[in-house]
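One structure is given below, encoded as structure tokens.
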Amino acid sequence: PTLGFTIGIISDMRLGKYFNFRFTPNLQFGERILVYDLLLNPNGVSPSELRYEKKIPSTLLNFPLQLKYKGMRYRNMRPYLFIGGQYTIDLGSQAKTEPGSGEVVIKLSRDDFYLEAGAGFDFYFNRCKMSTELKMSYGLRDVLIHETSIWVDPIERLNSKLFQFNISFE
């Protein structure tokens with residue numbers, strides 16, 4: 001798990017007493033971590049294991065569309081569920097980076113599509129509404145750009161999977 005930060009706006013259209021259609025574009029800052037467990041066996045010596053972590057900073061521009069089902073309001077709280085999809089652009093993508101500086105470069109595609117689902121609670125206050133939610137997003141595309149490299153060859157497919165805890169204010 002890594003910490004990130006998201007800032008965005010909320011556009012909400014009421015479809016009925018219990019349903020809303022939401023468009024919540026946002027800018028997300030975080031990082032992806034690839035973990036390699038390497039087994040080294042130099043000159044027939046007993047094997048040893050080496051762990052290498054490659055951190056890939058990501059600045060994502062997200063365009064999610066969601067259908068939100070709200071439960072009955074009880075006092076100043078209301079539970080909800082949502083499903084939806086999202087288009088994402090990785091603004092920090094190194095897809096066009098040329099190798100050179102000796103640093104390991106793992107190239108990821110700039111675009112991705114996600115399916116999303118989650119649940120949360122709306123808390124109503126005098127001047128605003130605060131929402132807390134747990135959300136799971138699953139990337140549909142293989143974002144890895146497959147080039148011949150000892151760092152890329154072992155990876156058959158690379159999909160994004162995000163578990164998020166969000167707090168929003170309206």
Side-chain angles (χ1 to χ4, degrees), residues 1-16 18-37 51-71 73 77-97 104-124 128-147 151-170:
T2 60
L3 294 176
F5 179 77
T6 303
I7 187 165
I9 59 173
I10 298 172
S11 302
D12 194 74
M13 182 172 70
R14 188 173 177 179
L15 299 177
Y18 296 107
F19 288 96
N20 287 31
F21 183 72
R22 297 172 64 94
F23 175 60
T24 56
N26 59 69
L27 185 62
Q28 182 177 15
F29 303 93
E31 70 181 356
R32 301 170 181 179
I33 301 174
L34 297 178
V35 179
Y36 293 90
D37 290 322
R51 176 166 276 214
Y52 177 75
E53 290 187 358
K54 173 62 178 164
K55 295 182 180 183
I56 304 170
S58 297
T59 303
L60 305 173
L61 188 56
N62 301 314
F63 300 98
L65 294 171
Q66 300 167 343
L67 182 63
K68 178 179 176 181
Y69 170 73
K70 303 175 293 188
R73 182 172 169 170
M77 182 181 69
R78 172 181 263 174
Y80 65 88
L81 301 170
F82 66 89
I83 59 169
Q86 173 176 290
Y87 172 67
T88 297
I89 300 170
D90 187 352
L91 300 175
S93 173
Q94 297 180 341
K96 296 182 179 179
T97 303
V104 176
V105 176
I106 308 294
K107 295 182 182 182
L108 303 180
S109 177
R110 187 181 78 110
D111 304 310
D112 201 1
F113 295 94
Y114 290 84
L115 292 178
E116 297 184 313
F121 289 94
D122 288 332
F123 298 97
Y124 296 89
C128 70
K129 177 174 73 169
M130 181 182 80
S131 301
T132 59
E133 69 183 25
L134 288 172
K135 176 169 69 169
M136 195 279 181
S137 302
Y138 183 78
L140 300 176
R141 294 187 59 209
D142 179 10
V143 293
L144 183 65
I145 296 176
H146 294 275
E147 297 180 331
W151 302 103
V152 175
D153 288 343
I155 303 172
E156 184 178 315
R157 184 172 177 84
L158 187 64
N159 292 78
S160 298
K161 294 177 187 153
L162 295 133
F163 294 94
Q164 297 176 340
F165 174 71
N166 294 328
I167 299 173
S168 61
F169 296 92
E170 295 180 49

Can you name the nearest heavy-atom pair linking [X] to [Y], along with the distance?
X	Y	value
T24	N26	O-ND2, 3.1 Å
Y114	G139	CD2-N, 3.4 Å
Y124	M77	CD1-N, 4.3 Å
Q28	N62	OE1-ND2, 2.9 Å
I155	H146	O-CE1, 3.5 Å
Y80	K70	CB-CA, 4.0 Å

Pairing residues for [X] by the ring-ring contact (aromatic ring centres under 6.0 Å, His included) criterion, not counting sequence neighbours:
X	result
Y36	W151
Y138	none
F29	none

Pairs flagged by salt bridge (Lys or Arg N to Asp or Glu O under 4.0 Å) wherever [range] is involved - sequence neighbours left out:
range	result
residues 77-86	none
residues 79-88	none
residues 153-162	none

To the nearest 0.5 Å, what is the distance between [atom1] on [X] and [atom2] on [Y]?
X	Y	atom1	atom2	result
E133	F121	CD	CZ	12.0 Å
L115	L140	CG	CG	4.5 Å
F21	L67	CZ	CG	8.0 Å
Q164	L134	CD	CG	10.0 Å
I145	L108	CD1	CG	7.0 Å
L15	N20	CG	CG	6.5 Å

*Above 12 or not: heavy atoms from other molecules or residues under 6.0 Å from CD1 of I83?*
no

Can you name the side chain to side chain contact (heavy atoms under 4.5 Å, CB included) partners of [X], sequence neighbours left out?
X	value
R141	S109, D111, D112, F113
S168	I10, S131
I9	P25
F163	M136

So [Y] and [X], do their side chains get closer than 4.5 Å, heavy atoms only?
X	Y	result
L65	Y87	no
L60	L91	no
V143	D90	no
I106	R32	no

*Not counting sequence neighbours, which residues clear salt bridge (charged side-chain N to carboxylate O under 4.0 Å, His left out) with K135? List them please.*
E116

*All salt bridge (charged side-chain N to carboxylate O under 4.0 Å, His left out) counterparts of K129, not counting sequence neighbours*: D122, E170

*Is the NZ or CZ atom of R22 positioned over F82's six-membered ring, under 6.0 angstrom from the centre and within 45° of the axis?*
no

